[in-house]
Amino acid sequence: MKIGRILPQEFYNKSSLIIAKKLLGKVIERKTPEGRIQGIIVETESYGGRNDPASHASRKKTPRNQIMFGPPGFAYVYFCYGNHYLFNVVTDKEGIPSAVLIRAVEPVSGIDIMIKYYGKEIPAITSGPARFTKAFGIDKSFNGKPLFKGELVIRDTDFRDFKIVRAPRIGIKEGTDKLWRFYIKGNKFVSVK
DNA sequence: GTACTGATACTCT
DNA sequence: GAGTATCAGTACT
């Protein structure tokens, strides 16, 4: 697989449902003082849009979710369940609250750094939204950071030879009728099959 | 299956 | 301003 250029901001200026599918097979890259961490995105969920009761932004604009209302191509990182950070990519044009949650990646390089950030070595270190952020060392300070330049970026690849599975989203109470989770068929780093 | 964790958002003074 | 129910998860038995 070849890892290509950084995806430009315009890439994200579409509906989150489209971006959720397009991000599969792309590489998320974090530059750290210890070196580079890379992982293939293998599982995503789409949130937001106009009528999504499961979205943080479905009720009203708050200090926490305001980044979802902003321009596309930025990170939306938030803290939940007391000790987990979850990482989202803001999509669609400014004013429309939508985002894509990155749920799982497959490690490509910098695995030793992931283990260091995670604290211990486990087989599926990036399988799950909070595991992925922990292994990449992503925390609240990344909230609002651009993904088309800087320390944390997403790159294009030539990896297109996979099948996408549609499934209900995980861990939510409303909106479970919508098949807005997407993952790469057969990939062992997908958190829930 | 349960325990755990703490920020957030909401409901009261 | 203070109290509390909720939560897009993980680790453990």
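Side-chain atoms are counted along with the backbone in the values below, which use heavy atoms only and exclude waters and symmetry mates. All chains are named by letter (A, B, ...) in the order of the sequence lines, taking the proteins before the strands, and each is independently numbered beginning at 1.
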Practice prompt. Determine whether the side chains of Ser127(A) and Ser191(A) contain a donor N or O and an acceptor N or O closer than 3.5 Å.
Written response: no
Worksheet item: What nucleotide among dG9(C), dC7(C), dA8(C) has an atom nearest to a side-chain atom of Tyr78(A)?
Response: dA8(C)
Worksheet item: Can you tell if the side chain of Ile40(A) reaches within under 4.5 Å of the side chain of Met1(A), non-hydrogen atoms only?
Response: yes
Discussion item. Dot-bracket for DNA chain C, please. Rules: Watson-Crick or G-U, both distances under 3.5 Å, ( ) within the strand, [ ] when a pair crosses earlier ones, | for another strand, . otherwise.
Written reply: |||||||.||||.
Worksheet item: Taking atom C1' of dA8(C) as reference, at what distance in whole Å does atom CZ of Arg131(A) sit?
Response: 16 Å
Item to complete: Please list, in 5' to 3' order, the outermost nucleotides of DNA chain B lying under 4.0 Å from any heavy atom of chain A.
Response: dT5(B) to dC10(B)
Practice prompt. Using a 4.0 Å heavy-atom cut-off across all strands, classify Arg169(A) as base, sugar-phosphate, or nothing.
Written response: nothing
Worksheet item: If you look at every strand shown and take non-hydrogen atoms under 4.0 Å, does Ala54(A) touch a base, only sugar-phosphate, or nothing?
Response: base
Practice prompt. Please report the closest heavy-atom contact between Phe189(A) and Val105(A), naming both atoms and the distance.
Written response: CB-O, 3.6 Å
Item to complete: Answer with base, sugar-phosphate or nothing: what part of the nucleic acid does Leu101(A) contact at a heavy-atom distance below 4.0 Å?
Response: base
Worksheet item: Angle class for the Tyr85(A)/Phe79(A) ring planes (parallel below 30°, perpendicular above 60°, tilted otherwise)?
Response: tilted
Fill in: Aromatic ring proximity, centroids under 6.0 angstrom, Tyr76(A) and Tyr78(A)
yes
Practice prompt. State, yes or no, whether a side-chain contact exists between Lys193(A) and Tyr183(A) at a heavy-atom distance under 4.5 Å.
Written response: yes
Item to complete: Name the residue closer to the 5' end of DNA chain B, choosing between Tyr81(A) and Lys140(A) according to the nucleotide with the nearest heavy atom.
Response: Tyr81(A)
Worksheet item: Which of residues 16-23 of chain A have a heavy atom under 4.0 Å from DNA chain C?
Response: none
Worksheet item: Do any N or O atoms from the side chain of Arg64(A) and from the backbone of His56(A) form a donor-acceptor pair under 3.5 angstrom?
Response: no
Fill in: Ile28(A) vs Phe136(A) side-chain heavy atoms within contact, under 4.5 Å
yes
Item to complete: Start with the C-alpha distance between Glu45(A) and Arg103(A), add both sets of side-chain angles, then the distance that settles salt bridge (Lys or Arg N to Asp or Glu O under 4.0 Å), and finish with yes or no.
Response: CA-CA 7 Å; Glu45(A) 280 182 21; Arg103(A) 288 191 54 86; 3.4 Å; yes
Worksheet item: Do any side-chain nitrogens or oxygens of Tyr118(A) fall under 4.0 Å of OP1 or OP2 in dA11(C)?
Response: yes
Fill in: Residue met sooner reading DNA chain C from 5', once Tyr76(A) and Ile122(A) are mapped to nucleotides
Tyr76(A)
Worksheet item: Contact class for Phe79(A) (heavy atom, under 4.0 Å): base, sugar-phosphate, or nothing?
Response: sugar-phosphate
Worksheet item: Does Thr157(A) use its side chain to pair, donor to acceptor, with the backbone of Gly25(A) at less than 3.5 Å?
Response: yes
Discussion item. Please confirm whether the shortest side-chain N or O distance from Arg181(A) to OP1 or OP2 of dA8(C) is below 4.0 Å.
Written reply: no
Fill in: Heavy-atom side-chain contact between Lys26(A) and Phe159(A) under 4.5 Å
no
Item to complete: Just call it for Tyr85(A): base, sugar-phosphate, or nothing, with non-hydrogen atoms closer than 4.0 Å on any strand.
Response: nothing
Worksheet entry | Pairwise 5' ranking along DNA chain B for Arg64(A) and Cys80(A), keeping only the more 5' one | Cys80(A)
Discussion item. Between Glu10(A) and Tyr12(A), is there a side-chain donor-acceptor contact under 3.5 Å, judged purely by atom types and distance?
Written reply: no
Worksheet item: In whole angstroms, how far is the C1' atom of dG9(C) from the NZ atom of Lys134(A)?
Response: 12 Å
Fill in: Spacing between Phe87(A) atom CZ and dG9(C) atom P, to the nearest angstrom
16 Å
